[in-house]
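A short worksheet on the structure shown next.
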Amino acid sequence: MGLNRSTLLAFLLIAALIAVPFAAPYIGGNYIITQATRVVIFGIVALSLDLLIGRSNLVSFGHAAYFGLGGYVVAIASFHLANDIPLLGWAGSNEALVVWPLAMLVSGLAALVVGALCLRTSGVYFIMITLAFAQMIYFIFVALKFYGGDDGLSMRSRNLFAGERITNATTFYWICLGALALCLLVQWRLIVSRFGRVLSGGAANERRMAAMGYSIYAYRLVAFVIAGMMAGLAGALYANLNRFASPDMMSWLLSGEFMVMVIMGGVASLFGPIIGAAVFLLVETSLSGATEHWQIFFGPFVLLIALYAPRGVWGLVRGGGK
Amino acid sequence: MTLALETIGLTKSFAALRASDAVSLQIEERESHALIGPNGAGKTTLIGQLTGEIIPDSGRVHLFGTDVTQWSVPRRALHGLGRSFQITQLCMSFTALDNVALAIQATQGHSFRFLADASKDKKLNDPARDVLARVGLADRATIEAQYLSHGERRQLELACALALGPRILVLDEPMAGMGPQESARMIEILQALRGEITILLVEHDMDAVFALADRISVLVNGTLIATDRPAAIRANEQVRAAYLGTEAH
Amino acid sequence: MQLLIEQLLNGLQLSLTLFLLAAGLTLVFGIMGVINLAHGSLYMLGAYAGASVAAKLGNPWMALPSALLASALVGIVMEYLIVRPLYARDHLAQVLATFGLILFFNGFIAWAVGRPPIMMDTPAALSGFIEILPGLPYPTYRLAVMGAGVCVALGLWYIIARTRLGMLIRAGSDKRDMVEALGVNIAVLFTLVFGLGALLAGLAGVMVAPIRSVQVGMGEQVLITTFVVIVVGGIGSIRGAFIGSLLIGMCDTLGRAYAPILLKLWLSGSIADGFGAALASIMIYLVMAIVLIVKPRGLFPVGG
Ligand SMILES: Nc1ncnc2c1ncn2[C@@H]1O[C@H](COP(=O)(O)OP(=O)(O)OP(=O)(O)O)[C@@H](O)[C@H]1O
Ligand SMILES: [Mg+2]
């Protein structure tokens, strides 16, 4: 029964995501497509964050940093190409198949360095330190006046995808949805694999895992890097969506919002974080449309979720559980 | 004679309290050795230093002839040290089978595998089932650890340690909180292992200790006051005064 | 030389502000095991309460009591209504709930006062300069702030080291049962400690109000810096909070003053300015990284 309901929810979600481009002309056109694209992109970030929060019991409060880095890689590569300023001998690029993997690589490397330090600690130290290092990356980009500093960096056009221009919002949506599907697939296999078992074993009981011979640190670091890479990909997509990257993409506020998405949707569930991203954006846009001071209502909403619905939408639908 | 385990002058203090005071213990290979002592004597603290969870203030630990004093917990585990905890440590949301399979997986050294479904992996599940059968949990394989009874969890703890294929088994009060039937079952399981691998058993249940031990060490206030054959320990006045006398059931 | 002295004093002042915040945060974490992101909001509320009351009454001296009252009151209510159910919960729930509080307080202030920064006047008696060395004038207000900071730090030390409340606070962190056995109502103790932390945060907020602009979001930046302080000092340790505050406050202030100058020795002007600014703003995080490598649990780790 419980299982059926959550399977149904997953199917509904997938059907809705696929239906968007077909329904869009009747319910708001490009605006809806753009909103749905944001849901998909934030869904990727939330999914990747859940690999840390839900699966590994690592409460990372700095996930926006990797998201923002991904965005900046794309914007910077396009900036150098557009302005004919080589970057250390590289002319820059506007090709998605080059710069998106590059975005993942850069975000992954940053996650490797930060993770290597943060994972030496645990619990509340880990929360504070991930937050602090994300803030550090944020400040670096605020100070980089060459790339726009505070004001951010615009892209003249979206990336080319295999040489083709992506002019159509729907096409871009399909690309993002494809990326989400890929990330879902990767995460799903990751979780059921031997590697994923060690991760969740470490989340369940670290002492037992050590006594069985696992040095959990290495596994967590790999998870941290994978999550950072996925967030980097999402950042690259987001910069393309807005044709713009800015330090706001790395702000602690966004990191917090990513966490809210994960928990609102349901930790340690494959589709929960994506539902969380959808619900989050829905609530945010409708509240902020209704009043300028929407945070007055959104704050308590988040608070109530933390206190009374820690398993999120997914947990409510699945029923029972602690 | 090869020693499975040797400690040389292990000392550990918590603030003013000496929990281990120059403990020098020698356990031979395939020996079944019991460590007894009153509550708070420092038995768990000593075990912590053997397994690497607690760093001694001074002294050394040798495992099968190798100085492992600086080694991490996982490294000692992979060197052949399996253990159970006084307070059960299991992955509570995992099934009994998966708990053991995790241990099996650790011995196979292929944990950076990212795609294949581990829950369907015969190379993990078959040996895990065997171990579960050995501790008498064959029919509880699919139950999550959080829903097992206390006694069953203790058996599962043992299974996790056994699944590592350890050369030495360190057990911290495996029978604590068990009913007489469960205790008897545990003694039976340990009897079967006796002579096959080295066992260091911490236990308050004297029937179990005298049934299982080749030799017994007595720890009081962090100090080893005697190590001898069971009969000699029974007769030892000092032990009687310090321990058996006060703790007689 | 004069620049150096001036920067050292500025650094000291920042350190003391950080200490007021770090002390409260580390006590609340050390004793109750709660990570409170909304601590920065209490700082902001102190600043706003002080600035608006002072402006209403036209008397800057009224800023202090109103800030203390407002922050302590909000702190106590917050503990009673929201933090209490969080004691038994995991860090994730605590982070999320107090994140919600931040959003609420920021939204509330934006609604009640508006987004543009507001200014607070310095009391006339403190608005001049004092010549601390021949030819080196320094704002009287900043000196007063430092004096107050030192007094509070000493007072806090006295409370914790010498009083019954302090003994309970020290015991409370790991020996709940013992404290309860002494017949102390632990719930009241927790409320008191939380209120004290809130009061200190409000004090820090109102003290910097005349120096920095009072605006929505002022609490979060300082909160993250306070986290760095606590991580460097060791969570739960007041001594660590103090040393950490000094280290981070000095590093940040001196880094901002000297990093661009030092870089000019190696790099050309404009590049040095650019990198200098970046380096200066990340200095404290680099210090934190180094501490983490050497001592992962901070300079003064608490327990095991
Ligand atoms: N982490 C610690 N910090 C401070 N004191 C400790 C710590 N661990 C143990 N102790 C103290 O050290 C002494 C020895 O404890 P230990 O747990 O080793 O005893 P034990 O022999 O295992 O007792 P039991 O039979 O009750 O399990 C006890 O007095 C205990 O309170
Ligand atoms: Mg013990």
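Lettering follows sequence order; numbering is per chain, from 1. This is a predicted model, so every value here is computed, not measured.
- The candidate with the highest count of non-hydrogen atom pairs below 4.5 Å against chain A, out of C:I35, C:L103, C:I284, is C:L103.
- Contacts of A:V267 with chain C are made by side-chain atoms alone, with heavy-atom separations under 4.5 Å and no backbone atom involved.
- By number of non-hydrogen pairs under 4.5 angstrom with chain C, the leading residue of A:I127, A:L144, A:L304, A:I305 is A:I127.
- With chain C as partner, the option from A:V59, A:I263, A:N57, A:I53 having the largest number of non-hydrogen pairs under 4.5 angstrom is A:I263.
- Interface remark: of the candidates A:F301, A:F146, A:F61, A:F61 forms the most heavy-atom pairs closer than 4.5 Å to chain C.
- Residue C:I102 touches chain A through its side chain alone, counting heavy-atom pairs closer than 4.5 Å.
- Across all non-hydrogen atoms, the minimal contact from A:L52 to A:S60 is CD1-CB, 3.9 Å.
- C:F29 and C:H91 have tilted rings, their planes meeting at an angle from 30° to 60° on a 0 to 90° scale.
- Residue contact with chain A, scored on non-hydrogen atoms closer than 4.5 Å, involves the side chain of C:Q221 exclusively.
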### Query
Would C:T226 and C:H39 count as a side-chain hydrogen bond (donor to acceptor under 3.5 Å, both in side chains) if you check the C-alpha gap in whole Å, the side-chain angles of each, and the deciding distance to 0.1 Å?
CA-CA 10 Å; C:T226 307; C:H39 201 67; over 6 Å; no

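- Heavy atoms closer than 4.5 Å to chain A are found in the side chain of C:V228, but not in its backbone.
- To the nearest 0.5 Å, the span separating CD1 on A:I275 from CE on A:M264 amounts to 11.0 Å.
- Taking the six-membered ring where the residue is Trp, A:F298 and A:W294 present tilted rings, their angle falling between 30° and 60°.
- Interface remark: of the candidates C:P85, C:A289, C:G217, C:A280, C:A289 forms the most heavy-atom pairs closer than 4.5 Å to chain A.
- Looking at C:L223, there are no atoms closer than 4.5 Å to chain A (heavy atoms on both sides), in backbone or side chain.
- Annotation: the span from A:M250 atom CE to A:I140 atom CD1 amounts to 8.5 Å, rounded to 0.5 Å.
- Shortest non-hydrogen contact noted between C:A97 and C:L86 is CB-CD1, 3.8 Å.
- Ring orientation note: the planes of A:F67 and A:F42 are tilted relative to one another, at an angle of 30° to 60°.
- No other option in C:I293, C:I82, C:L101 has as many heavy-atom pairs under 4.5 Å with chain A as C:I293.
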